[in-house]
Structures are given as C-alpha cells and as structure tokens.
Amino acid sequence: MRSNNAALDTLETTTFAVRGVKVYYGDFMALQEVNVEIPERQIIAFIGPSGCGKSTLLRCFNRMNDLIPGARVEGKINYQGKNIYDPKINPVKVRRQIGMVFQRPNPFPKSIYENIAFGPRANGYKGNMDELVEQSLRRAALWDEVKDKLKAKGTDLSGGQQQRLCIARAIAMKPDVILMDEPASALDPISTKQVEDLCLELKEQYTIIIVTHNMQQASRISDLTAFFNTETDSSGKRRGRLVEFSPTVQIFNSPKTEEAQEYISGRFG
C-alpha cells in the first residue's frame, strides 16, 4: 500500500501507522482514504482549509470519533503494534495513553490541584499525588505561577494558564502522545508563544500532533506538516483528503504539490 509520505518511509520509530483510514458521518465519507506514518517524539502539524478533515483525523488517533453519533471509521491505525480499532481494544484505555487538548481551555470546575489529580486518582494511581501534581505543572511551565494557590479554581486562571493547566492535566495521565486541536486559537499572542514554547519542550518526551489554521505556527514549531484539502464528491458534498505529508521546511519552501503551493501562498483557504 502506497504511503502519503513516501519520503518518510526510512524513519525507524513510528508512533502511528495509518492504513486505509476513511471516516464517515452516516453515509457521507468526510475523509477519504489516508495512509501515513507518524514518527515518534516529533511535532506534526495538520494544516488546510476548514472542512478538510484535519480534526476528523486527529480524533481518530484516540477514538474520539466514537463519541459522535453516526460516525464510523474504516481502516487501521496501528499504535505500538496494535490496531486501536480492533474490537478487542478498549477505547478508554487508548485515551489514557493518547491525551487530548482541545481548542478552548476546558478546566474542570475544581481546584488547580484537583484538575491534575482527578484523572490519575480515578484510574487508581498509587504514587505520591503531590509529587505528580507538581511534576505535571512543572512540565507544563505553570508551577511557578500557581504553586501558592493550588486550592484556587482552575477556571479562575487566565486563558493561557487554563490551556497550560489542561496540558498539565493530560501529562498527569502519563501518555505517550498528546493531540492538540487548535490549542492557541483562543489565546493572545503572549499565551500562544508560551504554548508553542511548551510544545517544543514536550516533544523531548512525547509525540505531539497539532491541528492549526495558523501556518506561521506550523512553520515555527513542527518537524513535519500534513496538508489537507477538500474535493467535491459526486453528490456535490465536499470531503477531506490528505494531499501531502513532508518535512515542514520542505512543504513551506518547495511543496511537492501545486495544491499545497497555492494554499501556503495564500491563494485559497
């Protein structure tokens, strides 16, 4: 089976191997067949116009599409050698290993401490919770800002702090992968830079896949970029597809496809 990223086939360590993945909402194919490999401990950016399947594919990696009525995923996504869409695989366990940070910060209406501790406690964590909370907040570059107010509500923090709290909450579950769906779209420039700097630090330990409409952001922080676009099917509906997956430097300077060139140069999107 031919990969969308043939140039990356020499990579030795793969986090996800996507094989023939299609996503349907009811009878409508929202994302046509995707074949791609996601390498370990790099930042991968998904770019493209609205409705092109970026977030749809992102949600496939931790089976969040399972929660959407009428959604159906065909094909295989191998993670650590196992197809996460095998009927024997528990999607809840998948989500413990593959964390998710959403477009808008969504801290629990609990204390900062409990935002971090809630998930591990619910999953039977037996270690030192104080140490886990501090470690997670430090990794999210938030500890120094909140260490003296851990009992304050997470919802009382600024937008940028809330998003970093959500990243810390994901880290506390000790995942291998962090998925981010436009994590800075609702943030001011200073908070956006903090999130970007954090991503660059976290890739030392995690594979990060980020959906972004901000091409400058993709060019600043990602190692690899996947460009998605839409096409019209026989019924007149627009569905998404993966057009190109290349090293970020290449896709922004000399993309292999005319579609990517036109999008990056601002001719559409």
Taking the six-membered ring of Tyr85, is the NZ or CZ of Arg63 close enough (under 6.0 Å from the centre) and on axis enough (within 45°)?
->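 Here Arg63 passes the 6.0 Å and 45° test against Tyr85.
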Stacked cation flag Arg139 on Tyr206, 6.0 angstrom / 45 deg =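 Because its charged atom misses either the 6.0 Å distance or the 45° angle limit, Arg139 does not stack over Tyr206.
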When you group the ILVMFWY residues by side-chain heavy-atom contacts below 4.5 Å and let the links chain together, are [Y] and [X] in the same group?
{"X": "Leu157", "Y": "Leu198", "result": "no"}
{"X": "Leu142", "Y": "Tyr113", "result": "yes"}
{"X": "Ile98", "Y": "Val36", "result": "yes"}
{"X": "Ile209", "Y": "Val21", "result": "yes"}
{"X": "Ile221", "Y": "Phe252", "result": "no"}

Are side-chain heavy atoms of [X] and [Y] found at a separation under 4.5 Å?
{"X": "Glu37", "Y": "Phe16", "value": "no"}
{"X": "Gln261", "Y": "Lys256", "value": "no"}
{"X": "Tyr263", "Y": "Met215", "value": "yes"}
{"X": "Ile208", "Y": "Ile44", "value": "no"}
{"X": "Gln163", "Y": "Val101", "value": "yes"}
{"X": "Phe28", "Y": "Val23", "value": "no"}
{"X": "Ile178", "Y": "Ile171", "value": "yes"}
{"X": "Arg238", "Y": "Cys52", "value": "no"}

Stepwise side chain to side chain contact (heavy atoms under 4.5 Å, CB included) check, Leu150 with Leu137 | CA-CA 10 Å; Leu150 294 178; Leu137 289 168; 3.8 Å; yes
Measure across [X] and [Y] and return the closest heavy-atom pair with its distance rounded to 0.1 Å.
{"X": "Ile116", "Y": "Ala172", "result": "CG2-CB, 3.6 Å"}
{"X": "Pro105", "Y": "Gln162", "result": "CB-CB, 3.6 Å"}
{"X": "Cys60", "Y": "Ile84", "result": "O-CD1, 3.6 Å"}
{"X": "Phe108", "Y": "Thr155", "result": "O-CG2, 4.1 Å"}
{"X": "Ala140", "Y": "Ala168", "result": "CB-CB, 3.6 Å"}
{"X": "Gln103", "Y": "Ser185", "result": "CG-OG, 3.0 Å"}

Using only atom types and a distance under 3.5 Å, with no angle test, would you say the side chain of [X] pairs donor to acceptor with the backbone of [Y]?
{"X": "Asn65", "Y": "Ala71", "result": "no"}
{"X": "Ser222", "Y": "Thr225", "result": "no"}
{"X": "Gln97", "Y": "Val94", "result": "no"}
{"X": "Thr257", "Y": "Ala260", "result": "yes"}
{"X": "Asn35", "Y": "Gly20", "result": "yes"}
{"X": "Asn83", "Y": "Ile77", "result": "yes"}
{"X": "Thr212", "Y": "Ala218", "result": "no"}
{"X": "Lys54", "Y": "Gly48", "result": "yes"}
{"X": "Asn128", "Y": "Glu131", "result": "yes"}
{"X": "Thr192", "Y": "Asp188", "result": "yes"}

Under the side chain to side chain contact (heavy atoms under 4.5 Å, CB included) rule, what do Gln42 and Thr207 come out as? Steps first, then yes or no, please.
-> CA-CA 5 Å; Gln42 296 198 44; Thr207 301; over 6 Å; no
Can you confirm whether more than 12 heavy atoms, excluding those of [X], are under 6.0 Å from its [atom1] atom?
{"X": "Arg104", "atom1": "CZ", "value": "no"}
{"X": "Ile190", "atom1": "CD1", "value": "no"}
{"X": "Asn253", "atom1": "CG", "value": "yes"}

Find the distance between [atom1] ([X]) and [atom2] ([Y]) and round it off to the nearest 0.5 Å.
{"X": "Ser219", "Y": "Ile47", "atom1": "OG", "atom2": "CD1", "result": "9.0 Å"}
{"X": "Glu114", "Y": "Met129", "atom1": "CD", "atom2": "CE", "result": "8.0 Å"}
{"X": "Arg164", "Y": "Asp197", "atom1": "CZ", "atom2": "CG", "result": "10.0 Å"}
{"X": "Lys22", "Y": "Arg72", "atom1": "NZ", "atom2": "CZ", "result": "9.5 Å"}
{"X": "Asn214", "Y": "Glu196", "atom1": "CG", "atom2": "CD", "result": "7.0 Å"}
{"X": "Gln161", "Y": "Leu187", "atom1": "CD", "atom2": "CG", "result": "11.0 Å"}

Start with the C-alpha gap between Asp130 and Leu132, add the side-chain angles, then the distance that decides, and say whether side chain to side chain contact (heavy atoms under 4.5 Å, CB included) holds.
-> CA-CA 5 Å; Asp130 290 347; Leu132 179 64; over 6 Å; no
Donor-acceptor side-chain pairing of [X] and [Y] below 3.5 angstrom:
{"X": "Asn123", "Y": "Arg96", "answer": "yes"}
{"X": "Arg169", "Y": "Asn106", "answer": "yes"}
{"X": "Asp176", "Y": "Gln80", "answer": "yes"}

Take Lys149 and Ser111 through the side chain to side chain contact (heavy atoms under 4.5 Å, CB included) test and state the conclusion after the steps.
-> CA-CA 9 Å; Lys149 52 181 180 181; Ser111 70; over 6 Å; no
Let me see the working for Arg239 and Glu231 under salt bridge (Lys or Arg N to Asp or Glu O under 4.0 Å), right down to the final yes or no.
-> CA-CA 6 Å; Arg239 63 187 179 194; Glu231 69 176 22; 3.4 Å; yes
Could you check Glu201 against Lys203 for salt bridge (Lys or Arg N to Asp or Glu O under 4.0 Å), going step by step and ending with a plain yes or no?
-> CA-CA 6 Å; Glu201 293 177 16; Lys203 80 168 186 176; over 6 Å; no
Hey, can you tell me if Phe61 and Phe46 have their rings parallel, tilted or perpendicular (30° and 60° cut-offs)?
-> tilted
Apply the side-chain contact (heavy atoms from CB on, under 4.5 Å) test between Pro39 and each candidate in Leu224, Thr15, Thr13; give the one that qualifies.
-> Leu224
